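The analysis underlying the following values was restricted to heavy atoms, covering all of them including side chains, and did not include hydrogens, waters or symmetry mates. Index from 1, following the sequence. Small disclaimer: the values here were computed from a predicted structure and weren't measured.
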Amino acid sequence: MNPLEYREFYDKVGKINGWDFSNVKCVSEGTTWDLYREVTKTCNKSDILLDIGTGGGEAILSIAESALLVVGIDQSTGMMETAAKNSAKSGLPNVRFLQMDAEHLEFPEDFFNIVLCRHSEFFANEIAKVLIQGGTFHTQQVSENDKSNIKEAFGRGQAFGAKAGTLQHQYLTELSKAGFSDIQSFESNVIEYYQTAEDLIFLLKHTPIIPDFGRTEADFQILQQFIMENQTEKGIRTNSERFIITAKL
């Protein structure tokens, strides 16, 4: 999936679903990491937060009361439409959503106390520009070996065949060059059990894990075989692998 195809896919998903997977029934085994929950542990009521790649705003809205002001940005028109609806439903007065590209952050310099980014592309130099001195950046990203057994079954997928740790190394290098210090990084890999075939299909249709999933009948035949081979008493087994970075400016 090239960048243009991904943007079109992401925009389509944004209009239909936002980035909301709360209805997907999945049980995790292992230590999971919630980026937004971790941010609330260090966030002050006087802080201004920026959420890059906010999607439909579901996550940032859930912690909005922890800060003075939260701003969510996303390049997708579809996601912004969903975010506006979610914001109106929440009734929270301190949340703003703006359509903006992460590569060009159109904010004053030294404006935000905290910048966060979950499962979305970011640019270290841009973050350094808008973050106050002493501010914190948090990110959680999808590792190359995420959903490894699914991608092996299909013979294609997001970062399929890429060397493990490639993206993590890239971001660590970029943050260091941009002037960040006290850079901490760790990895998380947990087992996931999707409760039904419908739950797994929803995930694959609304994420880029398997590009163009479902466009051919062969995909469903492969999925059926995958489910047969990975069905357990707990559900359909796969994995969720992430890396997390925290850095100070």
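Across all their heavy atoms, G157 and P211 have their closest contact at CA-CD, 3.7 Å. Closest non-hydrogen pair, A128 versus A178, comes out as CB-O, 3.8 Å. For I191 against R237, the heavy-atom pair with the smallest separation is CD1-NH2, 3.3 Å. Taking each heavy atom of G55 and D74 in turn, the nearest pair found is N-OD2, 2.8 Å. Considering all non-hydrogen atoms of both residues, C43 and A67 come closest at SG-CB, 3.8 Å. Heavy-atom minimum distance, C26 versus Q195: N-CG, 4.3 Å.
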Would Q221 and E217 count as a side chain to side chain donor-acceptor pair (under 3.5 Å) here? Give the steps.
CA-CA 7 Å; Q221 293 172 359; E217 185 61 31; 4.8 Å; no
Using the rule given for side-chain contact (heavy atoms from CB on, under 4.5 Å), can you reason through Q75 versus M100, listing the C-alpha separation, both sets of side-chain angles and the distance that settles it, and then say yes or no?
CA-CA 5 Å; Q75 52 84 24; M100 191 181 297; over 6 Å; no
With side-chain contact (heavy atoms from CB on, under 4.5 Å) as the test, would you mind laying out the steps for D182 and T246 before giving the verdict?
CA-CA 8 Å; D182 191 18; T246 300; over 6 Å; no
Walk me through it: do C117 and H138 pass the test side-chain contact (heavy atoms from CB on, under 4.5 Å)?
CA-CA 6 Å; C117 175; H138 303 268; over 6 Å; no
Take K25 and Y194, measure what side-chain contact (heavy atoms from CB on, under 4.5 Å) needs, and give me the verdict at the end.
CA-CA 6 Å; K25 297 183 291 297; Y194 286 84; over 6 Å; no
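Between atom CG of residue L131 and atom CG of residue L50 there is a gap of 9.0 Å, rounded to the nearest 0.5 Å. To the nearest 0.5 angstrom, F154 atom CZ is 10.5 Å from I209 atom CD1. H169 contributes atom NE2, which lies 9.0 Å from atom NZ of K163 (distance to the nearest 0.5 angstrom). Note that OG1 of T54 is 14.0 Å distant from CZ of R96, once rounded to the nearest 0.5 Å. Note: K248 NZ to I183 CD1 = 13.0 Å, rounded to the nearest 0.5 Å. For the atom pair OG of S87 and CD1 of I60, the computed distance is 11.5 Å after rounding to the nearest 0.5 Å.
Placement of F213 and F202 within a single hydrophobic cluster is found when ILVMFWY residues are connected by side-chain heavy-atom separations under 4.5 Å, directly or transitively. Residues V95 and V115 fall into different hydrophobic clusters, defined by Ile, Leu, Val, Met, Phe, Trp and Tyr side chains chained together at heavy-atom separations under 4.5 Å. Residues M80 and L61 share a single hydrophobic cluster, defined by chaining ILVMFWY side chains whose heavy atoms lie under 4.5 Å apart. Note on I245: it does not cluster hydrophobically with L35, by side-chain heavy-atom contacts below 4.5 Å among ILVMFWY residues. When hydrophobic clusters are built by joining Ile, Leu, Val, Met, Phe, Trp and Tyr residues whose side-chain heavy atoms come closer than 4.5 Å, directly or via intermediates, L116 is not grouped with F111.
When only modelled atom types and interatomic distance are considered, S185 and Q168 share a side-chain donor-acceptor pair under 3.5 Å. A donor and an acceptor atom, one from each side chain of T196 and D199, are located under 3.5 Å apart. A donor-acceptor contact closer than 3.5 angstrom links the side chains of T238 and N149.
A 4.5 Å side-chain heavy-atom check between V71 and F107 finds at least one atom pair inside the cut-off. Side-chain contact check for I127 versus F112: every heavy-atom pair is 4.5 Å or farther apart. L49 places a side-chain heavy atom less than 4.5 Å from the side chain of I63. By the 4.5 Å heavy-atom criterion applied to side chains, I210 and L223 are not counted as neighbours. Residues E29 and V190 form no side-chain contact, since every pair of their non-hydrogen atoms from C-beta on lies 4.5 Å or further apart. Side-chain atoms of I244 and S188, non-hydrogen and from C-beta on, do get closer than 4.5 Å to each other. The shortest side-chain heavy-atom distance between V70 and D51 does not fall under the 4.5 Å cut-off. L204 is not listed as a side-chain neighbour of D219, based on a closest heavy-atom distance of 4.5 Å or more.
Of the possible polar contacts, one joining the S76 side chain to the G78 backbone as a donor-acceptor pair under 3.5 Å is found. Q140 places no side-chain N or O within donor-acceptor distance of the main-chain N or O of R242, the cut-off being under 3.5 Å. A donor-acceptor pair is defined here as one N or O able to donate and one able to accept, closer than 3.5 Å; such a pair exists between the side chain of K151 and the backbone of D146. The closest donor-acceptor contact from the side chain of E58 to the backbone of N86 lies at 3.5 Å or more, if one exists at all. In this structure, the side chain of N94 engages the main chain of A64 through a donor-acceptor pair within 3.5 Å. For the pair R156 (side chain) and A153 (backbone), a donor-acceptor distance under 3.5 Å is absent. N239 places no side-chain N or O within 3.5 Å of a backbone atom of N189 that could act as its donor or acceptor partner. Looking at S176, its side chain never comes within 3.5 Å of a backbone N or O of T173 through a donor-acceptor pair. For E126 (side chain) and L105 (main-chain N/O), a donor-acceptor pair under 3.5 Å exists by modelled atom type. Of the possible donor and acceptor atoms, none in the side chain of N230 sits under 3.5 Å from a partner among the backbone N and O of I227.
Screening F180, F137, F122, F123 for a ring pair (Phe, Tyr, Trp, His ring centres under 6.0 Å) with Y171, the sole residue that qualifies is F122. Tested against K147 for a side-chain hydrogen bond (donor to acceptor under 3.5 Å, both in side chains), the candidates E192, Q158, E241 yield a single pass: E192.
In Q99, the CD atom is crowded: over 12 heavy atoms of neighbouring residues, nucleotides or ligands sit closer than 6.0 Å.
Comment: E174 does not engage K177 in a salt bridge, judged by the lack of any side-chain N to carboxylate O separation of less than 4.0 angstrom. A salt bridge is absent between K45 and E65; no separation between the charged side-chain nitrogens and carboxylate oxygens falls under 4.0 Å. D34 and K41 are not joined by a salt bridge, as no carboxylate oxygen comes within less than 4.0 angstrom of a charged side-chain nitrogen.
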